[in-house]
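Accompanying notes for the structure given below.
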Number of protein chains: 2
Amino acid sequence: MGVRKKASTYSLNEQFITECDLTYAVNMLAGRWKLQLLARLSKKTYRFHELSEAYPHITERMLSMQLKALEQDGLVIRTVYAEVPPRVEYTLTERAVELMPILDRLSAWGKKQRGK
Amino acid sequence: MGVRKKASTYSLNEQFITECDLTYAVNMLAGRWKLQLLARLSKKTYRFHELSEAYPHITERMLSMQLKALEQDGLVIRTVYAEVPPRVEYTLTERAVELMPILDRLSAWGKKQRGK
DNA sequence: CGGCATCCAGGATGATACTG
DNA sequence: CAGTATCATCCTGGATGCCG
């Protein structure tokens, strides 16, 4: 979504919303596929290939990149098992779990608006 | 950040989060300056030039574009007064006002995460 | 005053092929 | 299986100048 990674580090002294924090939050959700991935991972742990099958329209490249970004933002845990063939599993972190109810409200708001 | 305008119109049957609606919501917030503008407009009505002065680093072009996008998404009302010199005022719509508490929670979440 | 038109740079995403 | 490398494309946003 258009939100860029560039930090909006302007100190603007807004009271109602501290858009520094808000921008920080929206930025880490703004990747092209991150919401879908978070939504799915909120239900259970997934392997890379399972996600790839679940979203066949997402290239493996983007899947890898988005998951890595989520991992770096501390929203997803990536676990590598030293096996052959390799196995990698992705799970939500606690901070991501805390985020879910908020996203749920945002989703409800979006749903309400879309109907109009 | 990168959320594109392209609609993610995949019907994915997620229960916890209907990411169609969620993507819809995040997309309309993902513009480079939209959050700042919404935050400011949540306090009072502003004229174009006032906003331009409040955010001197935002080019008038972008200010115009972001406000227009917000208007098209039904978050902002643009009122033109037939005067000379022209006067244009921007206000939040009710749906934008309903959004504010949610953004506030998201902001709080972001603040909490940033500290870590 | 409140924009819009044009041009442009860089980042985000896509397509395809290849590897440990 | 779980990615990475490379190249191509699209889009956002910035710079500058002009207009009703």
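Computed from a predicted model, the values in this text were never measured in an experiment. What you see below is based on every heavy atom in this structure, not just the backbone, and it leaves out hydrogens, waters and symmetry mates. Within every chain, numbering begins at 1; the chains are lettered A, B, ... in the order of the sequence lines, protein sequences first and strands thereafter.
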Between [atom2] on [N] and [atom1] on [X], what's the gap in Å once rounded to a whole number?
X	N	atom1	atom2	value
B:Ile58	C:dG2	CD1	C1'	16 Å
A:Glu89	D:dC1	CD	P	14 Å
B:Arg78	C:dC1	CZ	P	16 Å
B:Leu63	C:dC1	CG	P	14 Å
B:Gln36	D:dG13	CD	C1'	14 Å
B:Met62	D:dC11	CE	P	15 Å
A:Glu50	D:dG3	CD	C1'	16 Å
B:Met65	C:dC4	CE	C1'	11 Å

Would you say [X] reaches [N]'s phosphate, i.e. side-chain N/O to OP1/OP2 under 4.0 Å?
X	N	value
A:Gln66	C:dA12	no
B:Lys68	C:dC4	yes
B:Ser64	C:dC4	yes
B:Arg61	C:dG3	no
A:Arg32	C:dG11	no

Open item on the list: What's A:Arg87 touching, base or sugar-phosphate or nothing? Going by heavy atoms closer than 4.0 Å.
Closed with: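 A:Arg87: backbone/sugar contact only, no base atoms under 4.0 Å.
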- [ ] Would you classify A:Tyr90 as touching base, sugar-phosphate or nothing, given that sugar-phosphate means primed atoms plus P, OP1 and OP2, and contacts are heavy atoms under 4.0 Å?
- [x]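 Result for A:Tyr90 = sugar-phosphate.
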Task: A:Glu60, nearest nucleotide to its side chain (from C:dG2, D:dG14, D:dG3) - done: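 In terms of side-chain proximity for A:Glu60, the closest of C:dG2, D:dG14, D:dG3 is D:dG3.
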- [ ] Output the single nucleotide from D:dG13, D:dC1, C:dC1 whose closest atom is nearest the side chain of B:His49.
- [x]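 Given the options D:dG13, D:dC1, C:dC1, the side chain of B:His49 is closest to C:dC1.
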Task: Salt-bridge criterion met for B:Lys112 and A:Glu98 (N-O under 4.0 Å) - done: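 Result for this pair is yes, salt bridge flagged.
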Just how far is it from atom [atom1] of [X] to atom [atom2] of [Y], taken to the nearest 0.5 Å?
X	Y	atom1	atom2	result
B:Tyr46	B:Glu89	OH	CD	12.0 Å
A:Leu70	A:Met28	CG	CE	9.0 Å
B:Arg40	B:Tyr55	CZ	OH	4.0 Å
B:Gln66	B:Leu38	CD	CG	10.0 Å

